[in-house]
Amino acid sequence: MSSSRALAPLFRRPTAWTCRACLHRQTPPSPQFATKATPPTPLKPAPKKKQRRRIVAAAAVGTLAGVAFVYSDEVKHAATAVQRSGRVVSTLFININDYRSTLKRDQEPEYPELLKACHLRCAKRTLGTLEKNGSIFIKLGQHLSSMNYLLPSEWCDTFIPLQDKCPVSSYESIQDMVFKDSGIYLSEIFSEFEEKPIGAASLAQVHRAVLKGTGQKVAVKVQHPALDEWAKLDLALTRFTFETLKRWFPEYDLTWLSEEMESSLPQELDFNREGQNAIRARNYFQDVKDAPVIIPEVLWAKRRIIVMEYVSGHRPDDLAYLDSHGIDRDEVSAALARIFNEMIFGTNAPLHCDPHGGNIAIQHNPSRSGKDNFDVIMYDHGLYRDIPVDIRRSYAKLWLAVLDADEPRMRKYAQEVAGITDEHFTLFASAITGRDYSVVKENVAAPRSAEEKKTISTALGEGMLEQLIQLLGQVPRVILLILKTNDLTRSLDEGLHTRQGPARTFLILARYASRTVYEEQLEKLTGSLVWLPNLVRFLKAWSAHMRVELKLSVYESYLKLRARLGMEAVV
């Protein structure tokens with residue numbers, strides 16, 4: 001099958017689409033627009049042969065006009081699809097040609113400057129295409145803007161504006177979509193509905209509303225109506241882009257990005273699924289006492305609409321809000337670390353796979369005194385994954401090996417977790433810890449020096465980047481999501497400017513890892529502890545667990561003492 005034939009269905013609307021023109025034609029014209037007919041000017045009768053030709057020609061013209069009228073929306077859709085595709089393809093090949101021309105000049109003295117200029121030109125071209133096409137291209141750009149460990153700074157910095165450039169769908173289009181999906185008008189569901197959204201993202205926007213009958217204040221999340229029209233085409237274009245880049249530059253294989261999008265986007269676009277995820281996470285955290293989590297209750301959901309209780313808060317990096325309400329930044333950082341590590345290491349815990357700052361809010365809770373005077377609100381539960389038990393346990397053992405600076409055990413569990421060979425081990429160890437490997441194998445909890453940061457940056461610039469891209473393309477997808485969560489806790493901690501520094505979040509992770517290994521060892525015990533071999537195994541597991549707990553508790557107390565004395569944070 002040719003590529004054009006394969007893409008043909010993507011240029012057509014869904015089969016359920018009904019042409020608006022047809023609907024208008026079925027409705028008789030309003031009497032107020034009727035005009036009095038003017039008698040035609042008499043003409044001389046034409047010969048019968050010519051008259052028949054005129055009748056046939058008139059009928060043909062009328063038929064073509066009718067067809068064009070009926071299918072005008074279909075034609076417009078196809079034309080727009082060609083235009084969207086043309087933007088992507090032309091930008092792609094102009095950029096490829098630009099890079100090929102620049103890379104040939106690698107022997108010239110000014111090559112570093114030439115390459116930077118090429119990065120910037122190509123990034124700006126791509127930004128224009130992403131902005132014009134919108135839809136999921138905005139989400140793709142937002143994701144790429146945060147990949148500063150993979151992409152040149154010129155690309156990441158150019159894409160930063162996309163973080164705040166989210167489309168807003170009109171109130172009328174939202175009304176039409178809700179009626180189409182549910183058969184109910186907004187006015188039948190809500191006594192009040194704010195037309196202006198209180199928040200907008202690349203895939204959806206949120207409105208405040210009040211339920212009819214109960215008067216409950218709710219948040220209504222609605223998908224952008226245009227997504228249905230373009231999602232399949234945009235995903236195909238994204239796949240085509242990364243596969244083409246791989247063909248021209250095989251050392252920079254990023255096809256796993258498009259594969260992940262093709263897997264995750266359908267889940268994120270199904271709000272029924274999001275409702276189920278939210279309910280599951282809400283039920284799970286009800287039994288977790290040391291994680292102050294609020295997950296808004298889901299009242300009802302359909303594929304493109306979800307109604308939840310309205311719970312508001314402030315971004316974690318809103319330091320003015322935290323300070324004005326006496327909320328301890330260190331405790332916020334610790335709470336976030338406990339929540340996400342519970343998702344990674346907890347038995348049957350759901351893992352939130354899009355945990356960025358916009359999906360988290362902090363709410364002051366005056367009913368709780370002391371340092372626990374806040375709650376963490378978690379939004380957007382569209383993308384969840386379950387971590388297989390064997391990966392979770394091996395990952396826990398890997399972290400404990402890192403804590404002990406035990407390289408043989410680190411290598412063993414890196415192989416179990418992600419199939420990491422000796423060739424990529426040091427890079428993987430640095431990726432999961434965010435530290436240079438020379439520090440990992442000595443003392444990962446040691447303060448990060450300026451020299452270490454420079455070493456990591458230099459390594460990425462000297463060929464390590466290609467290895468990192470290959471590594472990320474090979475590891476299980478769930479490991480990438482775990483690494484993303486690790487990055488989140490580190491970046492949130494940096495944004496909070498805590499007194500104790502990021503070392504405490506590492507300690508919390510290690511504590512959860514120790515608990516996971518301890519639970520596995522207890523699970524292996526069969527029979528009564530009265531039986532001596534069982535008692536010995538239990539005491540061995542318990543002592544190992546308590547040794548880690550004691551070690552972490554002592555270091556955490558040290559961090560708290562430094563903070564109280566006003567000493568510099570351990571960073």
Side-chain angles (χ1 to χ4, degrees), residues 12-30 33 69-78 80-81 134-136 138-139 166-234 265-279 296-310 379-382:
R12 296 199 296 266
R13 287 180 177 269
T15 54
W17 173 75
T18 303
C19 176
R20 292 193 184 93
C22 297
L23 295 176
H24 289 311
R25 292 179 66 193
Q26 293 170 6
T27 306
S30 173
F33 294 107
F69 182 69
V70 171
Y71 291 103
S72 59
D73 277 6
E74 190 75 26
V75 171
K76 288 178 184 176
H77 173 84
T80 304
S135 187
I136 69 169
I138 299 293
K139 187 174 184 66
C166 293
V168 175
S169 299
S170 69
Y171 175 68
E172 291 72 24
S173 67
I174 296 300
Q175 277 187 312
D176 292 343
M177 185 187 72
V178 171
F179 181 76
K180 179 179 178 180
D181 288 7
S182 65
I184 303 174
Y185 292 104
L186 288 174
S187 58
E188 297 179 64
I189 310 171
F190 309 105
S191 57
E192 296 177 27
F193 190 94
E194 295 184 11
E195 296 187 12
K196 184 179 179 180
I198 57 175
S202 55
L203 302 183
Q205 61 192 48
V206 179
H207 295 257
R208 265 192 299 249
V210 177
L211 284 177
K212 258 190 174 180
T214 65
Q216 182 180 358
K217 195 173 185 179
V218 294
V220 184
K221 181 178 176 181
V222 289
Q223 197 175 116
H224 293 304
L227 281 174
D228 261 11
E229 186 174 4
W230 301 117
K232 288 183 179 179
L233 174 62
D234 292 350
L265 193 67
Q267 298 179 44
E268 293 185 81
L269 294 179
D270 185 355
F271 290 177
N272 262 321
R273 189 186 188 106
E274 177 172 351
Q276 294 167 5
N277 289 337
I279 292 170
E297 181 184 3
V298 176
L299 304 180
W300 62 272
K302 290 189 175 293
R303 187 175 67 87
R304 297 193 290 177
I305 315 153
I306 183 169
V307 180
M308 303 160 285
E309 65 172 324
Y310 179 76
Y379 305 117
D380 197 348
H381 305 272

Asker: Quick one: pull up CG in D176 and OG in S170 and give me the separation to the nearest 0.5 Å.
Answerer: 8.0 Å
Asker: Is it true that a side-chain atom of E309 and a backbone atom of E297 form a donor plus acceptor pair closer than 3.5 Å?
Answerer: yes
Asker: Between CD of E229 and NE2 of H224, what distance do you get to the nearest 0.5 Å?
Answerer: 14.5 Å
Asker: Roughly how far apart are K212 NZ and S187 OG, rounded to 0.5 Å?
Answerer: 6.0 Å
Asker: Shortest non-hydrogen contact from K221 to A204?
Answerer: CE-CB, 3.8 Å
Asker: I need the minimum non-hydrogen distance between A231 and L269, along with the two atoms involved.
Answerer: CB-CD1, 4.3 Å
Asker: Sequence neighbours excluded, which residues qualify as side-chain hydrogen bond (donor to acceptor under 3.5 Å, both in side chains) partners of D181?
Answerer: R304
Asker: Considering non-hydrogen atoms only, spot the tightest contact between V218 and V210 and give its length.
Answerer: CG2-N, 4.5 Å
Asker: What's the spacing between D234 CG and I138 CD1 if we round to 0.5 Å?
Answerer: 10.5 Å
Asker: Mind listing the closest non-hydrogen atom pair of S202 and C166 along with its distance?
Answerer: N-SG, 3.7 Å
Asker: Heavy atoms only: give me the nearest H207-E195 pair and the separation to one decimal.
Answerer: CE1-O, 3.0 Å
Asker: Nearest 0.5 Å please: distance from the OG atom of S182 over to the CD1 atom of I189.
Answerer: 5.0 Å
Asker: For Q205 and I174, what are the C-alpha separation, side-chain angles and deciding distance, and is it a side-chain contact (heavy atoms from CB on, under 4.5 Å)?
Answerer: CA-CA 10 Å; Q205 61 192 48; I174 296 300; 4.1 Å; yes
Asker: Which residues pass the side-chain hydrogen bond (donor to acceptor under 3.5 Å, both in side chains) test with T214, sequence neighbours left out?
Answerer: none
Asker: Take D228 and K180, measure what salt bridge (charged side-chain N to carboxylate O under 4.0 Å, His left out) needs, and give me the verdict at the end.
Answerer: CA-CA 13 Å; D228 261 11; K180 179 179 178 180; over 6 Å; no
Asker: CG/L299 to CE/M308 distance, rounded to the nearest 0.5 angstrom?
Answerer: 9.0 Å
Asker: Taking the side chain from H381 and the backbone from Q276, do they hold a donor-acceptor pair closer than 3.5 Å?
Answerer: no
Asker: Do I184 and V178 come within less than 4.5 Å of each other through their side chains, counting heavy atoms only?
Answerer: no
Asker: Under a 4.5 Å cut-off applied to non-hydrogen side-chain atoms, are V220 and L186 in contact?
Answerer: no
Asker: Relative to the ring of F193, is the ring of Y171 parallel (under 30°), tilted (30 to 60°) or perpendicular (over 60°)?
Answerer: tilted
Asker: Check whether E188 reaches the backbone of Y185 with its side chain - one donor and one acceptor, N or O, closer than 3.5 Å.
Answerer: yes
Asker: Tell me, with the steps shown, if V307 and V298 meet side-chain contact (heavy atoms from CB on, under 4.5 Å).
Answerer: CA-CA 6 Å; V307 180; V298 176; over 6 Å; no
Asker: Between V222 and F271, what is the shortest heavy-atom contact and its length?
Answerer: C-CE1, 3.9 Å
